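From a predicted model like this one, the values you see are computed outputs, not experimental measurements.
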Amino acid sequence: MTPFQTVKLAEFSPIAAIATTANSARRLGQLRQIADVTLWVPPSVTDIPHAQIYTIPLKEHIATLWSHHRALVFGLATGAVVRLIAPLLQDKSIDPAVVVVDEAGKFAVSLCSGHQGGADRLTQSIARQLGATPVLTGASASLGLPAVDLLGVPFGWTKGTGDWTGVSAAVARGETVEVFQDAGWELNLPHPAFAIQNLRSCSDPQGVSPDSIDPNSPKTDLKGRIWISFTQRQFSPESPLPKVQWHPRVLWVGVGCERGTPRSAIEDAIARVFRANHLAEGSIAGIATIALKADEVGLLELCGDRHLPLVTFSPEQLRDIEVPNPSEVVDREVGTPSVAEAAAIFAASSDSLQFRPPLVPARGETTRPLSSEERVRERWERDGGQLLVPKQIYKPENQPGAVTVAVAVASREYTGRDGKLWLVGTGPGCLEQMTPAAQDAIARADAIVGYSLYINLVRPLLQPQQIIEALPITQERQRAQRAIDLAQWGLTVAVISSGDCGIYGMGGLVLEELQARNWDGKTPSLQVFPGISALQSAASRVGTPLMHDFCSISLSDLLTPWEVIEKRLNAAAAADFVVALYNPKSQNRTEQIAIARRIFLEHRSPQTPVALVRSAYRDDERVMLTTLDRFLEFEVDMLTTVLIGNTQTRSYENWMITPRGYY
């Protein structure tokens with residue numbers, strides 16, 4: 001499997017594809033280009049590369065695949081698939097994604113587990129790969145709304161209790177659902193179906209206090225309620241209003257314990273503290289303690305079974321943290337007056353970087369990498385960590401050991417995910433000229449970062465739940481920094497550039513910034529999705545101007561001194577390259593294009609063909625074929641690519657031709 005395949009559809013692996021005809025088998029075989037797919041065919045279908053043969057009845061074979069695959073893709077009639085899988089269906093929370101592709105490859109249908117199983121997303125990816133039409137029948141998809149049961153997935157939130165079907169149905173009917181949030185990433189839900197109440201602003205006179213809200217009180221104009229909170233709420237089954245709760249992982253549990261305390265005692269102590277304070281265990285981000293406890297068996301077992309990070313700090317780190325309940329006894333024993341409270345506060349203050357420390361401090365802060373102690377201290381002073389529950393001491397009956405528990409709340413949730421950076425070239429600007437891989441990356445990313453114009457060009461690919469961050473044209477470096485910050489947090493971030501991201505695009509800036517932060521080359525992971533560059537798009541509109549040696553030169557002197565640009569212009573003109581000029585003219589930079597023309601006229605005929613291509617393949621496209629001596633008579637701006645032919649380039653019937661050779 002190539003790295004590209006791993007990045008694209010790893011969340012669905014392993015995938016089984018089942019075809020009963022040679023035509024369907026060949027079509028589904030194309031999915032191997034984008035995913036880890038095992039293709040199954042009957043003995044009657046032969047000569048299909050990489051196919052596996054099933055020899056038992058198909059219904060029995062599917063039963064053997066069902067519990068071992070995260071997705072099944074069928075090249076059969078939908079009715080046949082329904083009959084085959086009906087006995088196997090249990091619950092949408094555990095059933096694999098099921099997608100059906102018709103014999104002609106015109107449609108890809110999301111059949112089962114569209115939301116939680118990801119069949120809707122897989123269907124869209126398959127459709128882009130096969131050139132098919134995706135068929136999504138879920139109500140949220142047709143309304144362009146995020147699925148209620150997927151809202152917190154990108155941020156690592158824990159799905160809590162409630163009537164998920166009832167709330168989802170209310171959204172599907174277009175009814176208003178109230179959203180109360182006091183923790184986690186603030187969701188952007190602009191659709192009128194969602195009435196947002198931000199409980200974090202309760203100090204505002206117009207804010208809503210969480211204590212003033214009865215979780216079971218119905219409102220006549222509301223048909224559902226979503227809580228996004230670290231509080232564990234109890235919903236009355238008699239309430240007519242369906243309610244659900246998401247729990248962002250913002251609570252760090254500080255633990256101190258005697259050596260040899262069993263896992264059951266630690267787990268019971270945490271559960272008691274959380275019940276007493278109405279806290280949701282689903283909001284636990286991780287366990288924090290002193291470094292002396294890094295090998296404590298009970299802690300290791302608890303964290304391993306519950307997939308929680310165990311974070312440890314040295315006594316020197318912990319003793320500097322102010323806590324309400326310091327202990328001289330503890331100080332004499334371990335070198336710090338607090339373990340549970342100090343560790344919880346420290347962990348909560350370090351949450352935004354998921355305990356992967358910043359790769360280097362911000363520019364200008366220091367000339368050397370910070371030590372781990374300095375990094376944690378820096379984040380604590382910057383972000384803070386609020387102690388929610390002071391230390392509680394628990395001594396289990398008839399068991400050895402004692403446990404101290406404290407809880408602190410972080411300003412940002414722990415996602416528990418490894419972030420990804422996808423550098424995406426969107427091509428000239430219309431979706432038809434964008435690669436399926438690039439389209440899929442944009443549609444599947446958690447966050448999109450780019451220049452506002454380029455984001456507008458790909459808007460049909462954007463999803464309701466995505467984070468969209470559009471920054472102005474002069475803030476390229478800020479875009480790169482923001483994308484890296486989000487990826488370090490654990491999100492999958494698509495950084496988009498027009499044309500190819502590695503040609504005057506964002507790709508270089510992102511890699512420069514990663515290098516400046518001493519990136520380890522692994523986390524966040526990096527994938528580049530190439531696109532059709534501006535010079536290729538422009539050339540395709542006027543013929544074959546790039547058939548011989550060519551180069552591109554940007555006339556923008558924002559990042560390159562003009563003296564360097566002028567030197568390159570002279571060299572390219574003298575060497576008889578075909579030249580593509582990027583960024584030829586702006587409102588504040590008007591003389592450079594005239595200087596460039598003068599330089600080329602010193603080496604080439606005034607009648608040398610020149611093409612001016614503005615916004616290739618976009619609605620406002622404009623193409624002009626002219627000559628070197630006259631091209632400044634026409635409008636040229638930042639959206640124009642200027643193609644200057646070499647001494648052999650000629651025009652013929654409004655086409656620009658550069659011969660393949662000089663002879």
Side-chain angles (χ1 to χ4, degrees), residues 8-32 34-45 48 50-105 107-127 129-130 132 134-142 147-150 153 159 163-166 168-169 172:
K8 281 202 67 179
L9 297 178
E11 66 177 290
F12 298 108
S13 297
I15 301 175
I18 301 97
T20 56
T21 68
N23 187 45
S24 287
R26 283 189 288 268
R27 197 172 305 282
L28 296 188
Q30 298 177 44
L31 301 182
R32 287 176 51 84
I34 62 170
D36 181 13
V37 176
T38 301
L39 175 62
W40 292 94
V41 298
S44 58
V45 177
I48 303 297
H50 309 293
Q52 303 291 315
I53 307 296
Y54 63 85
T55 56
I56 60 177
L58 180 56
K59 193 170 187 177
E60 295 179 19
H61 181 60
I62 293 171
T64 65
L65 300 174
W66 189 260
S67 61
H68 302 293
H69 290 77
R70 300 179 67 179
L72 281 77
V73 182
F74 291 89
L76 288 79
T78 303
V81 175
V82 170
R83 287 189 290 273
L84 286 167
I85 69 171
L88 304 172
L89 293 170
Q90 298 181 60
D91 187 271
K92 62 182 181 180
S93 64
I94 59 174
D95 289 333
V98 178
V99 179
V100 180
V101 178
D102 70 300
E103 178 80 11
F107 301 98
V109 182
S110 174
L111 189 63
C112 291
S113 298
H115 290 166
Q116 295 185 43
D120 286 356
R121 301 190 303 278
L122 180 59
T123 295
Q124 292 172 318
S125 295
I126 289 173
Q129 177 65 23
L130 301 181
V135 179
L136 312 179
T137 57
S140 61
S142 63
V148 171
D149 52 2
L150 294 180
V153 171
K159 187 178 175 183
D163 183 1
W164 291 91
T165 300
S168 297

For the backbone of Trp164 and the side chain of Ser168, can you confirm whether one donor and one acceptor N or O come within less than 3.5 Å of each other?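 A pair under 3.5 Å: yes.
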
Are the side chain of Thr64 and the backbone N or O of His61 linked by a donor-acceptor pair below 3.5 Å?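 Yes, Thr64 side chain to His61 backbone: donor-acceptor pair under 3.5 Å.
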
Once side chain to side chain contact (heavy atoms under 4.5 Å, CB included) is applied, do any residues pair with Val45, and if so which ones, sequence neighbours excluded?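 Ala22, Ala25, Val41, Pro42, Ile48.
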
Please enumerate all residues that pass side chain to side chain contact (heavy atoms under 4.5 Å, CB included) together with Thr123, with sequence neighbours excluded.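 For Thr123, the residues satisfying side chain to side chain contact (heavy atoms under 4.5 Å, CB included) (neighbours in sequence not counted) are Val99, Ala108, Ser110, Pro134, Leu136.
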
All ring pair (Phe, Tyr, Trp, His ring centres under 6.0 Å) counterparts of Trp66, not counting sequence neighbours: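 Applying ring pair (Phe, Tyr, Trp, His ring centres under 6.0 Å) to Trp66 gives none.
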
Where at least one partner belongs to residues 51-60, residue pairs that pass side-chain hydrogen bond (donor to acceptor under 3.5 Å, both in side chains), sequence neighbours excluded: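 As it turns out, there is no side-chain hydrogen bond (donor to acceptor under 3.5 Å, both in side chains) pair with a partner in residues 51-60 once direct neighbours are skipped.
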
Where do [X] and [Y] come nearest, in terms of heavy atoms and distance?
{"X": "Phe107", "Y": "Val135", "value": "CD2-CG2, 4.0 Å"}
{"X": "Asn23", "Y": "Glu103", "value": "ND2-O, 3.0 Å"}
{"X": "Phe12", "Y": "Arg121", "value": "CZ-CB, 4.2 Å"}
{"X": "Ala119", "Y": "Cys112", "value": "CB-O, 3.1 Å"}
{"X": "Ser113", "Y": "Ala97", "value": "CB-CA, 4.0 Å"}

Please tell me if the side chains of [X] and [Y] come closer than 4.5 Å, counting only heavy atoms from C-beta onward.
{"X": "Ser13", "Y": "Arg70", "answer": "no"}
{"X": "Arg32", "Y": "Leu39", "answer": "no"}
{"X": "Thr38", "Y": "Ile15", "answer": "no"}

Side chains of residues 76-94: which donor-acceptor pairs under 3.5 Å do they make with residues two or more places apart or in other chains?
from	atom 1	to	atom 2	distance (Å)
Asp91	OD1	Ser93	N	2.8
Asp91	OD1	Ser93	OG	2.5

Selection residues 68-99 - residue pairs positive for ring pair (Phe, Tyr, Trp, His ring centres under 6.0 Å), sequence neighbours left out: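 Counting only pairs at least two positions apart or across chains, no ring pair (Phe, Tyr, Trp, His ring centres under 6.0 Å) contact touches residues 68-99.
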
Which one of Leu130, Leu122, Asp36 satisfies the side-chain contact (heavy atoms from CB on, under 4.5 Å) criterion with Leu31?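 Only one of Leu130, Leu122, Asp36 forms a side-chain contact (heavy atoms from CB on, under 4.5 Å) with Leu31, namely Leu130.
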
Quick one: pull up CG in Leu28 and CD1 in Ile18 and give me the separation to the nearest 0.5 Å.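 If I round to the nearest 0.5 Å, the distance is 8.5 Å.
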
